[in-house]
> 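The structure under discussion is supplied below as structure tokens; questions concerning it will follow.
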Amino acid sequence: MTDTSVDPPRTPHRPAGTGEAARPAVRPSRRPGRRTDDVNATAATRSDAGPSGTDLHLDLPAAGSRRSALMAALREGIRSGRLAPGTRLPPYRTLAADLGIARNTAADAYAELVAEGWLTARQGSGTAVAERAEPAAANRARRSSRPPRPAHDLRQGQPDAAAFPRTAWLAAGRRALGAAPNEAFGPGDPQGRRELREVLADYLARARGVRTDPDRIVICSGFAHALRLLFDGPRAVLPARSAGPLAVEGYGLAFHRALLAAAGVTAVPLPLDERGARVGALAHHREVRTALLTPAHQFPTGGPLHAGRRAAVVDWARARGGLVLEDDYDGEFRYDRQPVGAVQGLDPERVVYLGTASKSLSPALRLGWMVLPDHLVDRVLAAKGEREGWVSTLDQLTLAEFIDAGGYDRHVRRMRRRYRDRRDRLVDALAERAPHIEVTGIAAGLHAVLRLATGTERSVLKAAAYRGLALDGLADFRHPLLAPEEMPAVDGLVVGYATPPDHAYPAALEALCAILPPPL
């Protein structure tokens, strides 16, 4: 059925209301090798297809009228939500060329769908999906099923996203791209760009006491990626079948535990006290040759690994012929004295240093680094593979320029002051509103631990959820195999004071204080 009142006239004049350029009166020739009953085609920008347009994939049945098939395919794309309201369609000449159909056929289909209300066409704006053409109800239900964002967010592990140094990062990116050699835009080096590895070697030596050179650094996409390279996959550096169990701290991220379990790694939990992980317990596990620790700031309980224990765990690795994996996740953020240096500096051949930009800059960058003993570099690169397993070269070049030009240092110092102020405001609010609550782990990092009376953690978390306050309970970080007699369980909250933007922080503190239990 065709409404001739809106059907574009078949003359060289511009069709009223279609927004398309004038069509020639002559019949277009067919492309060699293209059939009019092509099942799958993509409308794309082509030099011989007239005005450029957006890409559009359509499935047309082989049988039947081309005009009817095109209209049915467009209606189905709109009904399903694949072509959302406002989506701009390619000019009919481009679409016709790519589908191998006559221009008049494509123009007629567009005009009919405009008349039916599926599409809109405006002079100079082309053809688009009508705003009132809504996607299927199932798609709307799927989108609405997502959990709502919390009113207040005090979850750990996230920096203030609003504080990302956009202007400085953009300027560094411009400089880096302008200076990049042509080969930087090729496939890339799985070890990472040399420019970034060089500036990281200098920065880590200066700021974290790491002893390395660029050839011992491998760029990865974050801490989890580093763990996968070491433990998971057919070319894992430390496969469970030969490396044996892994010692971990009694409190840590469940996500990391799940990743190790999926790789078949047996994790042996080490108890903690005020001096950090009790590494002396390693002597009782003769089968363990590798230990994963957070020496600068134990996660999440807080506090650095005591100097005597730092030396002891390195001595253990030497005697056992093993390794220490050092997760330096937020080592730059220490407030009450100079940052604790990396354990790696004590023995670069027995410690694998793992760092990322997720806390200092943003987890959205997916940038991390491994500082490896010399004998592990080739094995890690073999596990990584020749293609795809690395970070964008452009982000690597930008970070290299950002560090080299001093932007990274300035940003870290600025955020250290901001997070210290956040921490102080948290401590002051608790001293005023809940002086019976003990606050620990506040000398460094982006979170604090609030100790609660035994048996109250779950009820407090329920009260927080009721008020729209997102935070974490301490019990979620405890290793399930950590025996109570080795380390009694403690109720508490892990409060990420870095997460909210500045304008939302006072309300988040108010909500936190409101859900804390009264003194017993």
Side-chain angles (χ1 to χ4, degrees), residues 159 161 163-208 210-230 237 326-332 342 344 352-374 376-412 415:
F164 184 81
R166 303 185 193 201
T167 301
W169 183 262
L170 183 61
R174 287 198 186 101
R175 294 193 301 269
L177 289 179
N182 291 337
E183 53 87 14
F185 300 94
D189 182 352
Q191 188 166 359
R193 289 297 301 180
R194 180 82 186 186
E195 297 92 331
L196 178 56
R197 290 187 282 117
E198 287 180 349
V199 298
L200 275 175
D202 292 340
Y203 172 79
L204 294 174
R206 168 172 54 83
R208 303 298 300 126
V210 172
R211 294 161 54 194
T212 189
D213 60 67
D215 293 330
R216 295 170 63 158
I217 297 176
V218 173
I219 305 301
C220 57
S221 63
F223 182 76
H225 184 207
L227 283 186
R228 290 187 175 98
L229 292 174
L230 292 171
V237 177
E326 179 175 13
D327 179 7
D328 194 30
Y329 66 100
D330 64 0
E332 288 113 335
Q344 190 268 0
V352 175
Y353 177 90
L354 307 170
T356 79
S358 63
K359 303 295 186 295
S360 56
L361 283 170
S362 169
L365 290 177
R366 308 311 310 149
L367 269 167
W369 41 88
M370 309 171 70
V371 179
L372 298 162
D374 187 63
L376 289 184
V377 174
D378 290 340
R379 293 170 62 185
V380 168
L381 291 178
K384 197 175 186 186
E386 287 298 319
R387 292 293 179 97
E388 305 303 330
W390 53 77
V391 183
S392 161
T393 294
L394 304 185
D395 286 339
Q396 293 184 55
L397 291 171
T398 301
L399 180 59
E401 171 63 24
F402 193 57
I403 295 173
D404 192 49
Y408 188 80
D409 281 276
R410 289 189 292 272
H411 175 72
V412 167
M415 298 313 297

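The residues of the chain are indexed from 1 along the displayed sequence.
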> Rounded to the nearest 0.5 Å, how far apart are CZ of R193 and CG of L397?
5.5 Å
> Grab the two heavy atoms, one from P159 and one from S358, that are nearest each other, plus how far apart they are.
CG-O, 3.4 Å
> Only counting residues at least two apart or in another chain, list the ones meeting side-chain hydrogen bond (donor to acceptor under 3.5 Å, both in side chains) with R366.
none
> Nearest 0.5 Å please: distance from the CG atom of D378 over to the CG atom of L372.
10.0 Å
> Hey, does M370 have a side-chain heavy atom less than 4.5 Å from the side chain of L376?
no
> List the steps, then state whether side-chain contact (heavy atoms from CB on, under 4.5 Å) holds for V210 with Y203.
CA-CA 9 Å; V210 172; Y203 172 79; over 6 Å; no
> Nearest heavy-atom pair of P373 and V352: which atoms, and what distance?
CD-CG2, 3.7 Å
> Can you list the residues that meet the salt bridge (charged side-chain N to carboxylate O under 4.0 Å, His left out) rule with D330, with sequence neighbours excluded?
none
> Would you mind checking if R206 and E332 are paired as a salt bridge, meaning a charged N to carboxylate O distance below 4.0 Å?
no
> Residues in side-chain hydrogen bond (donor to acceptor under 3.5 Å, both in side chains) with T393, at least two apart?
none
> Enter the distance from Q344:CD to L354:CG here, rounded to the nearest 0.5 Å.
10.5 Å
> My understanding is that only residues two or more places apart in sequence, or in another chain, count here; which of them pass ring-ring contact (aromatic ring centres under 6.0 Å, His included) with F185?
none
> Is there a side-chain contact between L229 and V237, using heavy atoms and a 4.5 Å cut-off?
no
> Between atom OG1 of T212 and atom CH2 of W369, what is the distance when rounded to the nearest 0.5 Å?
13.0 Å
> Can you confirm whether R194 sits close enough to D215 that some side-chain heavy atom of one is under 4.5 Å from a side-chain heavy atom of the other?
yes
> Would V371 and R208 count as a side-chain contact (heavy atoms from CB on, under 4.5 Å) if you check the C-alpha gap in whole Å, the side-chain angles of each, and the deciding distance to 0.1 Å?
CA-CA 12 Å; V371 179; R208 303 298 300 126; over 6 Å; no
> What's the separation between atom CD1 in I217 and atom CG in L196, rounded to the nearest 0.5 Å?
8.0 Å
> Whether the side chain of Q191 engages the backbone of L381 through a donor-acceptor N/O pair (distance < 3.5 Å, no angle test) should be reported.
no
> For P190 and K384, work out which heavy atoms get closest and say how close.
O-NZ, 2.5 Å
> Restricting to side-chain hydrogen bond (donor to acceptor under 3.5 Å, both in side chains), what partner residues turn up for Y353, sequence neighbours left out?
D328
> About how many Å separate OG of S221 and CG of D395, when rounded to the nearest 0.5 Å?
11.5 Å
> Which side chain to side chain donor-acceptor pair (under 3.5 Å) pairs, counting each pair once, include a residue from residues 164-182, with sequence neighbours left out?
R175-E401
> Pair L361, H411 - check side-chain contact (heavy atoms from CB on, under 4.5 Å), show working.
CA-CA 8 Å; L361 283 170; H411 175 72; 3.6 Å; yes
